[in-house]
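Have a look at the structure below, then the notes.
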Amino acid sequence: MLPGPIDKYHVPRWLGDRAPRAFHVMAKPAGSACNLDCSYCYYLHKQRLAGGPGPGHMSDEVLEAFVRSYLADVTGDEVVFSWQGGEPTLLGLAFFEKALRLQRKYARPGQRVANSLQTNGTLLDEDWARFLRRNRFLVGISIDGPRALHDELRVSKGGKPTFDRVMAGVDVLRRFDVPFNTLTCVHRYNASRPLDVYRFLRRVVRSTYLQFIPVVELRGFESTAPQAWTAARLPRVGSPEARPGHAHSVVTEWSVDPEAYGEFLCKVWDDWLRRDIGKVVVNFCETLVAQHLGQPAQVCVYGETCGKAVAIEHDGSVYACDHYVYAEYRRGTVRERRLGDIVFDPAQVRFGYAKSERLPKRCWACPFLTDCWGECPKSRFVRTPDDEPGLNYLCPGLRRFFAHAVPQADAIAARLRSRPLVPRPRM
């Protein structure tokens, strides 16, 4: 007889000690510090947030506790360290050399350790490129499209454009043969030019792995945590207040319009199908095909559950997600608890299951439920036409995209099932 019933919100010790544990940690070693002042940044304010991590950088003590616990508590074959920010390169090469030494010290025999670095690219030089190449870092470059679109919101502390500095960083990575991805935020100002953005990234930047992330922030996000809003005051989907630009809009001025986002996804999907399928990875395109092959979502926002991608701040505090770095979602500190215990704590497990369990009835009746799963919970701040709260702000655009792309994704999946797959080389 088993020692007791399995509560899905709790991993019993008798099972948790034996079952493989896989989770991911996004590390913020410089906290929210950044050399840029991007208008839409959701993270710059964290150092001023009441009950938040405050300003600072990761100490040697916290770094060692993090590396030791992460390598011990992820029991799969590979552990990926994702260094993000703020701007992590502000800490300099010495910090990352130290992190690598600790990884070598604490890695188990046969355990694979990988590192990725998400950066604005403006501080990269030849020394950085040599280090990144030598240590096989995968680099993510934040860039929002051609010069005018990029410089609309991605500016320096003095409000100056940053496009040339970012492209200089891209150039040094290419010269030293450092593999890199691109991460593009889709906001109110570049969403209307999807092909200009996509073709620039493909032809000029020559990215072969493209990530697109919608910029969606509730007004007052600097102090109001997700799900802490007053549901009765939220607008209905499709109303003027549920779109940017209205005097009483629920979102910031620079948030992407839902309909424009749907059009953006459709245009990029079509161009990817015509020119780049099998040659270029686009995050939302690949995950849609994967899901129609019966595989799990490759992008967390389209998964049925979440909660296994936590964020660790410079002071060692661990949060439910990097979009949930608020006092309400602080799960503990790596200085006092092991990461595995934090990630599989009942509160965090409940957080993960809530992604699908708290969807409104409209979502459960939607033909695209299993393609979308309500997207990210942090953007569920509009009401359905029946006044039920909890609908994702992007719903109109997502429904438009899935209606357009799902039949084609089904056809692609059917073709792939009919012939053996050739593995794509790992970047």
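Salt bridge status for Lys355 with Glu304: absent, with no side-chain N to carboxylate O gap under 4.0 Å. Salt bridge status for Glu126 with Arg130: present, with a side-chain N to carboxylate O gap under 4.0 Å. Between Glu241 and Arg383 there is no salt bridge, since no side-chain N of the basic residue sits under 4.0 Å from a carboxylate O of the acidic one. A salt bridge is defined here as a Lys NZ or Arg NE, NH1 or NH2 lying under 4.0 Å from an Asp or Glu carboxylate O, and Glu64 with Lys98 fails to meet this definition. Between Arg175 and Asp171, at least one side-chain nitrogen of the basic residue sits less than 4.0 Å from a carboxylate oxygen of the acidic one, meeting the salt-bridge criterion. Ion pairing between Glu222 and Arg48 fails under the 4.0 Å rule for side-chain N and carboxylate O.
Relative ring orientation between Tyr189 and His187 is described as tilted, the plane-to-plane angle lying within the 30° to 60° band. Taking the six-membered ring for Trp and thresholds of 30 and 60 degrees, Phe81 and Phe66 have ring planes more than 60 degrees apart, a perpendicular arrangement. Using bins of under 30°, 30° to 60° and over 60° for the plane-to-plane angle, the ring pair Phe96/Trp128 lands in the perpendicular bin. Under the 30°/60° scheme for interplanar angles, the aromatic rings of Phe221 and Trp254 are found to stand perpendicular.
Judged purely by distance below 3.5 Å, without hydrogens or angles, the side chains of Asn35 and Asn120 pair a donor atom with an acceptor atom. In the model, Asp322 has a side-chain atom that pairs as donor or acceptor with a side-chain atom of Tyr42 under 3.5 Å. Checking Ser116 against Ser82 by side-chain atom types alone, a donor-acceptor pair falls below 3.5 Å. Between the side chains of Tyr40 and Arg154, at least one donor N or O lies within less than 3.5 Å of an accepting N or O. For the residue pair Glu375 and Asn392, a side-chain donor N or O sits within less than 3.5 Å of a side-chain acceptor on the partner. No side-chain donor-acceptor contact under 3.5 Å links Glu61 and Ser59. Defined by atom type and a distance below 3.5 Å, a donor-acceptor pair is present between the side-chain atoms of Thr119 and Glu87.
The distance from atom NE2 of His150 to atom SG of Cys38, rounded to the nearest 0.5 Å, is 7.0 Å. Note that OG of Ser69 and CZ of Arg335 are 13.5 Å apart. Values are rounded to the nearest 0.5 Å. Atom SG of Cys41 is separated from atom CG of Leu36 by 9.5 Å, given to the nearest 0.5 angstrom. From Asn181, atom CG reaches atom CD1 of Ile143 across 13.5 Å, with rounding to the nearest 0.5 Å. Leu398 CG to Cys372 SG: the interatomic distance, rounded to the nearest 0.5 Å, is 5.0 Å. One distance of note links OH of Tyr70 with CG of Leu102; it measures 15.0 Å at 0.5 Å rounding.
Put simply, the side chain of Lys28 never gets that close to the backbone of Trp83: no donor and acceptor are under 3.5 Å apart. At least one donor-acceptor pair closer than 3.5 Å links the side chain of Asp73 to the backbone N or O of Leu339. Here the side chain of Asp271 pairs no donor or acceptor atom with the backbone of Leu195 at under 3.5 angstrom. In this structure, the side chain of Glu259 does not engage the main chain of Gly397 through any donor-acceptor pair within 3.5 Å. The backbone N or O of Arg415 lies less than 3.5 Å from a partner atom in the side chain of Ser418, making a donor-acceptor pair. Although no hydrogens or angles enter the test, the distance criterion places a donor-acceptor pair under 3.5 Å between the side chain of Asn190 and the main chain of Cys185. Panel note: side chain Arg219, backbone Val251; a donor-acceptor pair is recorded below 3.5 Å. Side-chain atoms of Asp151 come within 3.5 Å of backbone atoms of Phe163 as a donor-acceptor pair (strictly under, hydrogens ignored). A donor-acceptor pair under 3.5 Å is formed between the side chain of His314 and the backbone N or O of Gly54. Distance alone, capped at 3.5 Å, places no donor-acceptor pair between the Arg21 side chain and the Gly76 backbone.
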Item to complete: I would like to know whether Glu263 and Lys267 meet salt bridge (charged side-chain N to carboxylate O under 4.0 Å, His left out); could you show each step before the answer?
Response: CA-CA 6 Å; Glu263 179 69 8; Lys267 292 292 188 183; 3.8 Å; yes
Item to complete: Check the pair Ser156, Asp37 against side-chain contact (heavy atoms from CB on, under 4.5 Å), reporting the backbone distance first and the verdict last.
Response: CA-CA 5 Å; Ser156 69; Asp37 196 16; over 6 Å; no
Worksheet entry | His45 vs Ser32, side-chain hydrogen bond (donor to acceptor under 3.5 Å, both in side chains): CA-CA, chis, key distance, verdict | CA-CA 7 Å; His45 71 283; Ser32 59; over 6 Å; no
Discussion item. Run Tyr198 and Val282 through side-chain contact (heavy atoms from CB on, under 4.5 Å) and show every step you take.
Written reply: CA-CA 10 Å; Tyr198 180 69; Val282 177; 3.8 Å; yes
Practice prompt. Apply side-chain contact (heavy atoms from CB on, under 4.5 Å) to Arg243 and Asp257, showing your working.
Written response: CA-CA 6 Å; Arg243 305 181 78 166; Asp257 180 86; 2.7 Å; yes
Practice prompt. Decide yes or no on side-chain hydrogen bond (donor to acceptor under 3.5 Å, both in side chains) for Gln103 and Asn115, but give the supporting numbers first.
Written response: CA-CA 10 Å; Gln103 289 173 2; Asn115 288 274; 2.9 Å; yes
Worksheet entry | Working for side-chain contact (heavy atoms from CB on, under 4.5 Å), residues Val281 and Thr208 | CA-CA 6 Å; Val281 175; Thr208 57; over 6 Å; no
Worksheet item: How far apart are the C-alpha atoms of Asp276 and Arg202, what are their side-chain angles, what is the distance that settles it, and do they pass the salt bridge (charged side-chain N to carboxylate O under 4.0 Å, His left out) test?
Response: CA-CA 9 Å; Asp276 295 326; Arg202 285 290 296 114; 3.3 Å; yes
Worksheet item: Going through the checks in order, is the salt bridge (charged side-chain N to carboxylate O under 4.0 Å, His left out) test met by Arg362 and Asp386?
Response: CA-CA 9 Å; Arg362 179 180 175 87; Asp386 298 325; over 6 Å; no
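Taking the ring centroids of Phe264 and Phe401, they lie at or beyond the 6.0 Å cut-off.
Of all non-hydrogen atoms in Thr384 and Arg236, the two that sit nearest each other are O-CG, 4.0 Å. Of all the heavy atoms in Leu138 and Pro179, the pair that sits closest is CD1-O, 3.8 Å. Taking every heavy atom of both residues into account, Ala242 and Pro258 meet most closely at O-CG, 4.0 Å. Across all their heavy atoms, Gln84 and Gln118 have their closest contact at CG-CB, 3.9 Å. Closest approach of Gly145 to Phe200, counting heavy atoms only: O-CE2, 3.2 Å. Val216 and Ser379 get closest at one heavy-atom pair: CG1-OG, 3.6 Å.
A cation-pi geometry, defined here as NZ or CZ lying under 6.0 Å from the six-membered ring centre and within 45° of its normal, holds between Arg331 and Phe351. No cation-pi contact links Lys46 to Tyr319, judged by a cut-off of 6.0 Å to the six-membered ring centre and 45° from its axis. Cation-pi contact between Arg133 and Phe176: absent, since separation from the ring centre below 6.0 Å together with deviation from the ring axis within 45° is not met.
Of the options Tyr353, Trp364, Phe402, Tyr302, a ring-ring contact (aromatic ring centres under 6.0 Å, His included) to Trp373 is made by Trp364 and by none of the others.
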